[in-house]
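One structure below.
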There are 2 protein chains.
Amino acid sequence: MGTTQLESVPEPKYLHLKTVLSEALDQDFAVGEILPNERELAARFGVARATLRQALEQLELEGRLQRRRGVGTTVAPPRVGVDVGSASQHSWPGESIDGWEPVDAAEEAVLTPALLKLLGSAPGEMVLAVRRSRVEQGQVLAAELLYVPASSVPGLSAIDAPAGPARARAVMRELQKLVLDGQDRSVELGSARAEDAKELDRLPGAPVLLVTTRYFTVAGTAAVSVATYRADTCRLTFGDSGDVQITHDARVAS
Amino acid sequence: MGTTQLESVPEPKYLHLKTVLSEALDQDFAVGEILPNERELAARFGVARATLRQALEQLELEGRLQRRRGVGTTVAPPRVGVDVGSASQHSWPGESIDGWEPVDAAEEAVLTPALLKLLGSAPGEMVLAVRRSRVEQGQVLAAELLYVPASSVPGLSAIDAPAGPARARAVMRELQKLVLDGQDRSVELGSARAEDAKELDRLPGAPVLLVTTRYFTVAGTAAVSVATYRADTCRLTFGDSGDVQITHDARVAS
DNA sequence: AAGTGGTCTAGACCACCGT
DNA sequence: CGGTGGTCTAGACCACTTG
């Protein structure tokens, strides 16, 4: 008798904290609003900073918060719906106006075994790598590496544009002359390599969605794209009628 | 003078640790093999356990490791390619034999504002919720909640199967009589709710891939599915020729 | 009971951003 | 410069699995 056992399975502190914070975000904060700093929040809830951070981390993972070193923690807007192309269409990305910006093209292309397998090309064969980034409303949403075996695009050797965006654009133009026969795509969770992290304005190791696409012509695999999307801000859509909108009913900060 | 500045931008310890471990996994360990425990690993690398854990956490996130409380940390097999349906097909999931197992069906259906919006149905309307789980090779890969407005399926009220799998199966049968007019899909990162976590044999908060699908008939939105996939073990494929295989060249443990 | 990973603490210092 | 989030430490205890 006496002691009431409220929770037979006591919830970890950071999980409880997370739900409490989550509700507070819905009720007491507006999008863009800045939260009290971590030390103060921790004190307010009577936990160590590490515990508080564990809760914040998950909320950021879910796209509810945005944390920036030296600045603070702000309430994130609902995730952007990013169209990744309906699988029924089969088109090179960037054919219509959709935010893909060519960055550079290199001939080296560091090929992992996994990539070689995807390309289905002989080892030692020349493979171009085109770097592009997907920008929307001034924010970089994704960084892409497009691997193109030289053999799949005849006109490739004639390109003499200087390194940089111009060269990348030239490669894309050549590529888009090919008639696509099909494509397949896969999505998985990853963490940003240092290089991509910088491009995405995140810290290395930040969670990202890895979208791997193979482009086929009748001749075989014409190219493989590996696109790295910010997992915190992006919701990938595969719409055939793609106006899916999940909106939090949060007011906009003044 | 004297001190050589080796790294102008010193890499965080846990990141360096991660790459070291990653290489060790490729070279010195076989899939399924069990690693030394965290305390020993930390000591071996001369770091605090928390730091070691930060590295392990990311490797698990990338699907390289699997950690189980009370057991240990093992080398994970390459991610399973899980077909999520080609967007060009438009079929109810589970029409062919694909691992979806009905679990239960309830009439309550806790509807968040976001879900209501997705369903496009009037608030207060009756909405059924069908629980299913996707099992492959004895492992639960995903947990799904299928929301079905009663109004979209005429035969629904006639179902009198007892609660449990039988009831869920009956609802699915009714549903599959409807002719689909289209569907759209979105994928985003989330963390497992306690309920789903249990189903997926993970801890609450574990990273998951949230696949939201809307099914349309000519009459409008017929159903909305929210599927929660284990992000650590699953690679979602949207293949039209779906044999994408990214394999680590790791040997299988004896 | 012993051993594992999971949670939590109270501190310290560092890297970065703004003023 | 002061304030923010990011990294790191050395401990402690808890929850879980297995023999």
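Below, read A as the first sequence line, B as the second, and so on, with proteins coming before strands; counting in each chain starts at 1.
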For this session: Nearest whole angstrom, please: distance from the P of C:dC16 to the NZ of A:Lys198.
Result: 11 Å
Protein-nucleotides 8-10 of chain D N/O pairs closer than 3.5 Å?
from: D:dC8; atom 1: OP1; to: B:Lys13; atom 2: N; distance (Å): 2.2
from: D:dC8; atom 1: OP2; to: B:Tyr14; atom 2: N; distance (Å): 3.2
from: D:dT9; atom 1: OP1; to: B:Lys13; atom 2: NZ; distance (Å): 2.9
from: D:dT9; atom 1: OP2; to: B:Ala48; atom 2: N; distance (Å): 2.8
from: D:dT9; atom 1: OP2; to: B:Thr51; atom 2: OG1; distance (Å): 2.4

Exercise. Considering the options A:Asp196, A:Asp232, A:Thr233, which one meets the side chain to side chain donor-acceptor pair (under 3.5 Å) requirement together with A:Arg202?
Worked result: A:Asp232
Problem set entry | Sidechain-backbone polar pair: B:Arg64 side chain, B:Leu21 backbone, donor-acceptor under 3.5 Å | no
Exercise. Are OP1 or OP2 of D:dT4 and a side-chain N or O of A:Thr73 less than 4.0 angstrom apart?
Worked result: no
Seminar exercise, completed: Whole-Å distance, A:Ile34 CD1 to C:dG18 C1', equals 11 Å
Exercise. Just by distance, do the side chain of B:Thr237 and the backbone of B:Val82 share a donor-acceptor pair under 3.5 Å?
Worked result: yes
Problem set entry | Length of the CG-P vector between A:Leu203 and C:dC16, whole Å | 9 Å
Seminar exercise, completed: Whole-Å distance, B:Arg53 CZ to C:dG5 P, equals 9 Å
Exercise. To the nearest Å, how far apart are A:His16 NE2 and C:dT7 P?
Worked result: 16 Å
For this session: With heavy atoms under 4.0 Å as the rule, sort A:Leu56 into base, sugar-phosphate or nothing.
Result: nothing
Exercise. Roughly how many Å is it from CG in B:Asp201 to P in D:dT17, rounded to a whole number?
Worked result: 9 Å
Seminar exercise, completed: So, with a heavy-atom separation below 4.0 Å from DNA chain D, the residues of residues 65-72 of chain B are B:Arg69, B:Gly70, B:Val71
For this session: Decide yes or no, distance alone: a donor-acceptor N/O pair under 3.5 angstrom between the base of C:dG5 and the side-chain of B:Arg39.
Result: yes
Exercise. With distance as the sole test, does B:Arg79 use its side chain to make a donor-acceptor pair with the main-chain N or O of A:Leu189 at under 3.5 Å?
Worked result: yes
Exercise. Between A:Arg169 and A:Pro102, is there a donor-acceptor pair closer than 3.5 Å when you use the side chain of the first and the backbone of the second?
Worked result: no
Exercise. Within the side chain of B:Ser191, is there an N or O that forms a donor-acceptor pair under 3.5 Å with the backbone of B:Pro207?
Worked result: no
Problem set entry | Nearest-Å distance for atom pair CZ/P, residues A:Arg202 and D:dG5 | 13 Å
Exercise. Counting N and O atoms only, with roles assigned by atom type, does the side chain of B:Arg69 sit under 3.5 Å from a partner on the main chain of B:Leu203, one being a donor and the other an acceptor?
Worked result: no
For this session: Kindly write out the residues that satisfy side chain to side chain contact (heavy atoms under 4.5 Å, CB included) with A:Arg53, not counting sequence neighbours, or none if the list is empty.
Result: A:Glu38, A:Arg49, A:Arg67
Exercise. Does a side-chain N or O from A:Asn37 land closer than 4.0 Å to OP1 or OP2 of D:dG3, or not?
Worked result: no
Exercise. Counting heavy atoms not belonging to A:Asp201, are there more than 12 under 6.0 Å from its CG?
Worked result: no
